[in-house]
Protein chains: 2
Amino acid sequence: MKRTPSKPRIPAGYDPRAFPPVAVTVDMVVLTVVADDLQVLLVERGAEPFRGRWALPGGFIREDESLDEAASRELLEETGLNVAPYLEQFRAYGNPGRDPRMRVVTVVYLAFVPNVGTITAGTDARRAALVSVRRALETGTRKKLAFDHRTLLQDAVEKARSLLETTSVATAFVDSPFTLSELRTVYETVWGQPLDPGNFRRKVLSTPGFVIATGRQARPGAEGGKPPDLYRPGKMTGLNPAFRRP
Amino acid sequence: MKRTPSKPRIPAGYDPRAFPPVAVTVDMVVLTVVADDLQVLLVERGAEPFRGRWALPGGFIREDESLDEAASRELLEETGLNVAPYLEQFRAYGNPGRDPRMRVVTVVYLAFVPNVGTITAGTDARRAALVSVRRALETGTRKKLAFDHRTLLQDAVEKARSLLETTSVATAFVDSPFTLSELRTVYETVWGQPLDPGNFRRKVLSTPGFVIATGRQARPGAEGGKPPDLYRPGKMTGLNPAFRRP
DNA sequence: GGAATAGTGTCTCTGAGACAGTATAGT
DNA sequence: ACTATACTGTCTCAGAGACACTATTCC
């Protein structure tokens with residue numbers, strides 16, 4: 001079956017015009033919840049085009065790595081972040097003209113992370129920072145996102161909202177162990193809707209494998225209150241029936 | 001913002017090693033329901049590699065078209081099929097080695113079609129045909145699918161099952177007008193589970209915009225029976241709550 | 001005790017599964 | 001008449017929303 005002798009970079013059986021120069025990149029939409037605010041990890045571009053504008057972290061895939069590997073590597077290189085817990089491809093964008101330099105098809109990944117520590121900007125990025133999604137999507141803002149990243153971010157956030165409905169992925173947003181209030185805040189922040197604490201509790205605890213009780217309790221907050229129970233993330237699972245958005 | 005003078009094919013600002021030779025293709029998973037059987041449109045490859053094996057229709061994207069346009073065009077070229085009703089991108093595959101010739105990243109599209117007429121094989125394909133999904137996925141079969149298309153097909157079918165749960169896309173599988181029995185057969189075939197006719201009816205009719213009553217009735221079948229009411233597809237809509245799979 | 005947060009119980013309504021019953025065609 | 005299919009109604013149970021009530025901490 002293998003006709004390729006010594007792995008040629010330009011294969012013999014292809015008409016060069018059949019595959020015009022195309023670059024493939026991966027872009028990451030890394031979401032986190034900080035103080036009731038949904039934030040996304042952005043980098044400030046250090047090169048043209050769109051120099052000085054905010055962009056999603058990402059870059060070209062290498063020859064010997066899968067798309068998933070490329071996504072993890074690029075994120076690590078540009079922001080020093082390692083996203084083991086949750087990383088999912090969600091769609092590709094390839095309109096001609098989305099990059100003024102050449103035809104670029106990008107595969108977008110979605111990652112959920114809890115409290116991120118220090119973010120160190122790496123190659124090609126002047127700095128990296130967490131930016132409020134609301135701010136990043138504002139149309140009238142002076143620093144619009146680079147490329148078509150506004151569209152990518154919008155679609156990714158909608159996908160994230162949907163994932164909270166159908167899977168137990170919300171636990172990736174919080175550090176372990178966590179309280180159910182913290183987990184509920186994730187839902188309320190991503191969905192932008194308040195949830196009834198009692199009903200939320202019932203839904204989560206009645207879904208086998210969503211969370212695992214540790215038996216321990218946290219210290220109450222500064223203003224007092226009953227010490228809440230602590231939980232660990234369960235095995236990632238689909239919710240059936242889904243968690244209905246209010 | 002545009003730095004590119006006269007649209008160069010090899011841009012100046014890029015390190016050539018930064019984007020190794022990569023080709024981008026689109027592949028189509030065209031599903032249809034024929035006589036209680038879920039079938040997929042496949043083409044027999046007329047060229048190496050995998051000559052003579054079944055593959056998903058698809059091909060290289062062109063420089064001036066979007067991914068969506070490439071998908072529609074490739075399908076039309078290879079099979080003479082025009083899929084206006086429903087076409088959705090669902091994910092990209094780009095593992096190194098998935099094509100023995102070179103690095104190929106493919107964007108996979110999912111399409112649902114009703115009764116397909118004659119299928120005419122086009123360029124690069126010896127013939128095109130509808131093949132039972134069950135048969136196409138059999139591991140012990142003599143003609144395995146080309147490339148990693150078995151994985152693509154498996155994932156696409158699972159995606160299709162999920163789409164029936166959350167959207168009204170099932171109507172794309174049937175010719176308009178249709179009876180609720182025909183629509184129910186779509187669900188039963190894709191899910192591989194029988195559904196209660198009465199409860200199915202209640203769910204569909206209680207979802208605003210799922211189907212639209214025409215007021216007309218079909219002729220009863222050969223063995224008699226009450227003439228069923230005819231419906232047209234409504235506006236594509238999300239189902240809330242979702243249609244639960246048994 | 002009062003405030004604040006965590007957690008429990010309970011009523012009600014919606015929606016879905018099970019399934020019996022009715023309607024209208026062909027033979 | 002009988003059969004086959006289409007359609008309707010009804011009972012019941014699970015799950016979710018609303019919301020009152022109890023529990024435990026800090027001040």
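In the text below, chain A, chain B and the rest are named by the order of the sequence lines, each starting its count at 1.
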| remark: Expected list for residues 202-211 of chain B near DNA chain C, using heavy atoms below 4.0 Å, is B:Arg202, B:Lys203
| note | With the side chain defined as heavy atoms from C-beta on, B:Pro241 is closest, among D:dC26, C:dA16, C:dA6, to C:dA16
| remark: Of the candidates D:dA23, D:dC26, D:dA6, the side chain of A:Lys226 sits closest to D:dA23
| request: For A:Glu223 and C:dA4, give me the distance from atom CD to atom P, rounded to whole Å. | output: 8 Å
| request: Go through the side-chain N and O atoms of B:Tyr109 and B:Asp68 and say whether any donor and acceptor fall under 3.5 Å apart. | output: yes
| field | Residue pair B:Arg53 / B:Lys144, side-chain heavy-atom distance below 4.5 Å | value | yes
| Any donor-acceptor N or O pair under 3.5 Å, side chains B:Asp27, B:Tyr93 | no
| task | Please tell me which of B:Asn240 and B:Gly225 maps to the more 5' nucleotide of DNA chain C, matching each residue to the nucleotide holding its nearest heavy atom. | result | B:Asn240
For residues 180-197 of chain B, which side-chain N or O atoms pair as donor and acceptor with protein atoms under 3.5 Å away, sequence neighbours left out?
unit_1   : atom_1 : unit_2   : atom_2 : d
B:Glu182 : OE1    : B:Thr179 : N      : 3.0
B:Arg184 : NH1    : B:Glu188 : OE2    : 3.3
B:Thr185 : OG1    : B:Ser181 : O      : 2.9
B:Tyr187 : OH     : B:Leu164 : O      : 3.2
B:Glu188 : OE2    : B:Leu195 : N      : 2.9
B:Thr189 : OG1    : B:Thr185 : O      : 2.7
B:Trp191 : NE1    : B:Arg161 : O      : 3.1
B:Asp196 : OD1    : B:Gly198 : N      : 3.0
B:Asp196 : OD1    : B:Asn199 : N      : 2.8

| field | Working for side-chain hydrogen bond (donor to acceptor under 3.5 Å, both in side chains), residues A:Arg245 and B:Asn240 | value | CA-CA 10 Å; A:Arg245 216 189 308 192; B:Asn240 197 330; over 6 Å; no
| note | Separation between CG (B:Asn95) and OG1 (B:Thr106), nearest 0.5 Å, reads 12.0 Å
| Spacing of B:Arg216 atom CZ relative to D:dA6 atom P, expressed in whole Å | 17 Å
| A:Glu78 side chain to A:Val43 backbone, donor-acceptor under 3.5 Å | no
| Rounded to the Å, how far apart are A:Arg245 CZ and D:dG17 P? | 13 Å
| field | Side-chain N or O of B:Arg201 closer than 4.0 Å to phosphate OP1/OP2 of D:dT8 | value | yes
| note | In whole angstroms, the gap separating C1' of C:dG17 from CZ of B:Phe243 amounts to 12 Å
| For atom CG of A:Leu230 and atom C1' of C:dA6, their distance in whole Å | 12 Å
| message | Any residue in residues 181-200 of chain B with a heavy atom nearer than 4.0 angstrom to DNA chain C? Just list them by number, or reply none. | response | B:Asp196, B:Asn199
| Once you round it to whole Å, what is the distance between P of D:dA14 and CZ of B:Arg244? | 12 Å
| message | The test is ring pair (Phe, Tyr, Trp, His ring centres under 6.0 Å); show your working for B:Phe243 and B:Phe210 and say whether it passes. | response | CA-CA 12 Å; B:Phe243 208 140; B:Phe210 196 157; 7.4 Å; no
| said: What I want to find out is whether A:Arg73 reaches A:Glu77 closely enough, with some N-O distance under 4.0 Å, to be called a salt bridge. | reply: yes
